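Reckoned from all heavy atoms, side chains included, excluding hydrogens, waters and symmetry mates. Quick caveat: nothing in here was measured; it's all calculated off a predicted structure.
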Amino acid sequence: MRKLPFVLLIVLLLSGQVSAVSVLFDHTKSEDAGNADWVIDGAYSDWADDLRSLGYTVEELSPGENITYGDPNNPKDLSHYAVFILPEPQNPFSSSERQAILEFIQNGGTLIYIADHKSSDRDNDGWDSWSIWNDNLDFDSVFGIALPSTQIPSDTVIDDIENIPNLTDGISQFGIWLGTAITVSGNATAVAWYDRSNGLAAWAYATYGNGKVIVFADSSTFSDGSCKTSCKGYDDYHQYDDKQVALNMVKFGAPIGSSGGGNGSNNSSTGSPLLVINEIMYNPSGSDTPAEWVEIYNPNNHEVDLSGWWVGDDEGGGYKFPSGTIIPANGYIVVARNTTWVITHYSSDSSFDGSAVYGNATFQLSNTADDVILKDSSGKEIDHVHYVDDWGADGNGKSLERKDPLGDSNSSSNWAESGKNGGTPTYENTVLVPFFGALWAVAILLLLVTGRVR
């Protein structure tokens, strides 16, 4: 038998299965002024290359390009990215740019703001990253993360680090080469302390809407010394655990294998949903009225507030989540037409979680073809599935399950009939084929093609 070319195998196996999480580094605010060179083809090139090796797509917003959110005419609109990195900006932001960043975070994106010490105005325009955060953007009052006038001296080793899963994993210490102290209030969290007794941190994060904001005290920490312009050539990125700090911030904001946020990977025609429609019981055996339900899955490593969100069909019938509804990280919620019936019917299933069932929904799912739609509290469409009975689960007591949360919502190859009678409401699908499962399939077939497996 003729062997398939390597590239064709990859395309066949991973088409519709893998969605790269996109990271955007800003270069519109003179991030390479003076002794700085915080660009992805300069002193931050190792950081960018390491992200690419992990599977991220990394791009630069170049001088003259625009910071927007929701602009269909801007190919680098923030809605196309999961993470936006501002590495020591030197020029102030306009009010429209500020609003775009806030909307990006609100809709699930992660902002990483890399600051520096007060009076680090590298292009002599009267602004530095310290004053831009506090005064121009006024983000200290929005997120509860402020940059006081206290400086962290050069050659300071930070080792008082909180245990925050995914964010501080593998980090015991990192270096600061003259940076700014950070204070936190409200729901903001200190990640690492410079002076705990006086409430001065070197790293912090906060949640805002469906997204995150991460602030770090010093830009030099991530310099690899490969200067494009005029930086001093110090390689701090490979000292202590500095590299791990850089990578963890991005992975914490949008892990590979998640939909990220801010529409950073394509799951639908409107961009990557923060949450996905994951399982549909559209044609159960017996009476449809009590037994229909829709499952929503959160593929992120953080919980999501569903207050005011809506799920339903294209006829307008559905369910609006009440205030305070939370879907946990990597968790599931089921919306049922009749909650009492569903909770009672599945009560003998040890994996079923009755507390994750909501309703009573007014949708009426067609037994032949229908649309299931998920919208956020602003009415923005987050996910949209158009199913047909040819996909399976047509009246045999089984549900229609999504194979890959990151795959195409409307591809028949990404849906299959559940392997379990009644389906798997509130827990993992039987047909799940995640990103790494696809990679294993690729590896095995490549071995077969090259003749290493006989």
Side-chain angles (χ1 to χ4, degrees), residues 210 259 273-300 302-367 370-377 382-385 387 392-393 395-403 405 409 415-432:
N210 293 317
S259 62
L274 179 65
L275 306 179
V276 297
I277 297 163
N278 195 55
E279 189 174 0
I280 306 169
M281 178 64 84
Y282 72 93
N283 187 12
S285 57
S287 173
D288 284 357
T289 302
E292 288 183 355
W293 48 264
V294 173
E295 181 188 76
I296 300 167
Y297 172 58
N298 174 14
N300 301 286
H302 59 82
E303 65 183 26
V304 175
D305 186 350
L306 291 180
S307 302
W309 286 49
W310 179 89
V311 63
D313 57 27
D314 60 352
E315 300 295 326
Y319 177 77
K320 183 177 182 180
F321 288 98
S323 179
T325 304
I326 300 294
I327 183 169
N330 306 119
Y332 304 83
I333 275 181
V334 163
V335 176
R337 285 186 66 181
N338 186 317
T339 57
T340 301
W341 189 94
V342 169
I343 292 171
T344 302
H345 181 75
Y346 290 96
S347 61
S348 61
D349 185 342
S350 60
S351 298
F352 174 71
D353 179 6
S355 67
V357 178
Y358 290 77
N360 298 306
T362 59
F363 52 65
Q364 298 182 40
L365 302 179
S366 169
N367 291 346
D370 210 339
D371 292 76
V372 181
I373 303 166
L374 176 65
K375 296 181 179 181
D376 68 13
S377 58
I382 301 301
D383 199 12
H384 187 149
V385 176
Y387 69 84
N396 58 5
K398 296 183 178 182
S399 64
L400 193 62
E401 293 185 342
R402 191 176 189 136
K403 294 180 181 178
S409 298
W415 291 86
E417 178 176 291
S418 175
K420 184 175 182 178
N421 190 45
T424 56
T426 74
Y427 58 97
E428 186 176 284
N429 290 347
T430 62
V431 300
L432 180 66

Inset, instruction - Examine distances only and state if a side-chain atom of Arg337 and a backbone atom of Trp293 form a donor-acceptor pair shorter than 3.5 Å. - result: no

Inset, instruction - Please report the shortest heavy-atom distance between Val342 and Pro290, naming the atom on each side. - result: CG2-O, 3.8 Å

Legend entry - Close side-chain approach of Phe352 to Pro425, heavy-atom, < 4.5 Å: yes

Inset, instruction - Could you tell me whether the side chain of Asn330 reaches within less than 4.5 Å of the side chain of Asn298, counting heavy atoms only? - result: no

Legend entry - Heavy-atom donor-acceptor pair, Thr325 side chain to Pro322 backbone, under 3.5 Å: yes

Legend entry - Flag side-chain contact, heavy atom, 4.5 Å: Glu279 against Val294: no

Legend entry - Rounded distance (nearest 0.5 Å) linking atom CG of Asp370 with atom CG of Asn283: 11.5 Å

Inset, instruction - Identify the two heavy atoms, one from Ala361 and one from Val335, that lie closest to each other, and give their separation to 0.1 Å. - result: CB-CG1, 3.8 Å

Legend entry - Check: Ser399 side chain, Met281 main-chain N or O, donor-acceptor pair, under 3.5 Å: no

Inset, instruction - State whether the side chain of Glu401 and the backbone N or O of Ser418 hold a donor-acceptor pair below 3.5 Å, judged by distance alone. - result: no

Legend entry - Asp383 side chain near Leu275 side chain, heavy-atom distance below 4.5 Å: no

Legend entry - Test item: Val311 and Ile373 side chains (from C-beta on) under 4.5 Å apart, heavy atoms: no

Inset, instruction - Report the C-alpha separation of Ile333 and Phe321 in whole Å, then their side-chain angles, then the decisive distance to 0.1 Å, and conclude whether the side chain to side chain contact (heavy atoms under 4.5 Å, CB included) test is met. - result: CA-CA 11 Å; Ile333 275 181; Phe321 288 98; 3.8 Å; yes

Inset, instruction - Could you label the plane-to-plane angle of the Tyr358 and Tyr319 rings as parallel, tilted or perpendicular, counting under 30° as parallel and over 60° as perpendicular? - result: tilted

Inset, instruction - Let me see the working for Glu417 and Asn396 under side-chain hydrogen bond (donor to acceptor under 3.5 Å, both in side chains), right down to the final yes or no. - result: CA-CA 10 Å; Glu417 178 176 291; Asn396 58 5; 2.9 Å; yes

Inset, instruction - Look at Asp349 together with Lys420 and state whether they make a salt bridge at an N to O cut-off of under 4.0 Å. - result: yes

Legend entry - Contact check, side chains of Ile327 and Glu303, non-hydrogen atoms, under 4.5 Å: no

Inset, instruction - Show your reasoning for whether side chain to side chain contact (heavy atoms under 4.5 Å, CB included) applies to Tyr332 and Ile296. - result: CA-CA 6 Å; Tyr332 304 83; Ile296 300 167; over 6 Å; no

Legend entry - Donor-acceptor side-chain pairing of Ser409 and Arg402 below 3.5 angstrom: yes

Legend entry - Considering all heavy atoms, the nearest Gly397-Asn421 contact: O-OD1, 3.2 Å

Legend entry - Test of ring centre spacing under 6.0 Å for Tyr282 and Tyr387: yes

Inset, instruction - Could you tell me the separation between the OG atom of Ser377 and the CD1 atom of Ile382, rounded to the nearest 0.5 Å? - result: 9.0 Å

Legend entry - Within 45° cone of Trp310 ring axis and under 6.0 Å: Lys375 NZ or CZ: yes

Legend entry - Side-chain H-bond candidate by donor/acceptor type, Glu295 with Thr426, under 3.5 Å: no

Legend entry - Audit row: Trp309, Lys320, side chain to side chain contact (heavy atoms under 4.5 Å, CB included) steps and yes/no: CA-CA 6 Å; Trp309 286 49; Lys320 183 177 182 180; over 6 Å; no

Inset, instruction - Please confirm whether the backbone N or O of Thr424 pairs with a side-chain atom of Asn429, one donor and one acceptor, at under 3.5 Å? - result: no

Legend entry - Interatomic distance, Asp305 atom CG to Ser323 atom OG [nearest 0.5 angstrom]: 7.0 Å

Inset, instruction - Would you mind reporting whether Asp353 and Tyr427 have side-chain heavy atoms less than 4.5 Å apart? - result: no

Legend entry - Polar side-chain atom of Asp313 near backbone of Leu365 as donor-acceptor pair, under 3.5 Å: no

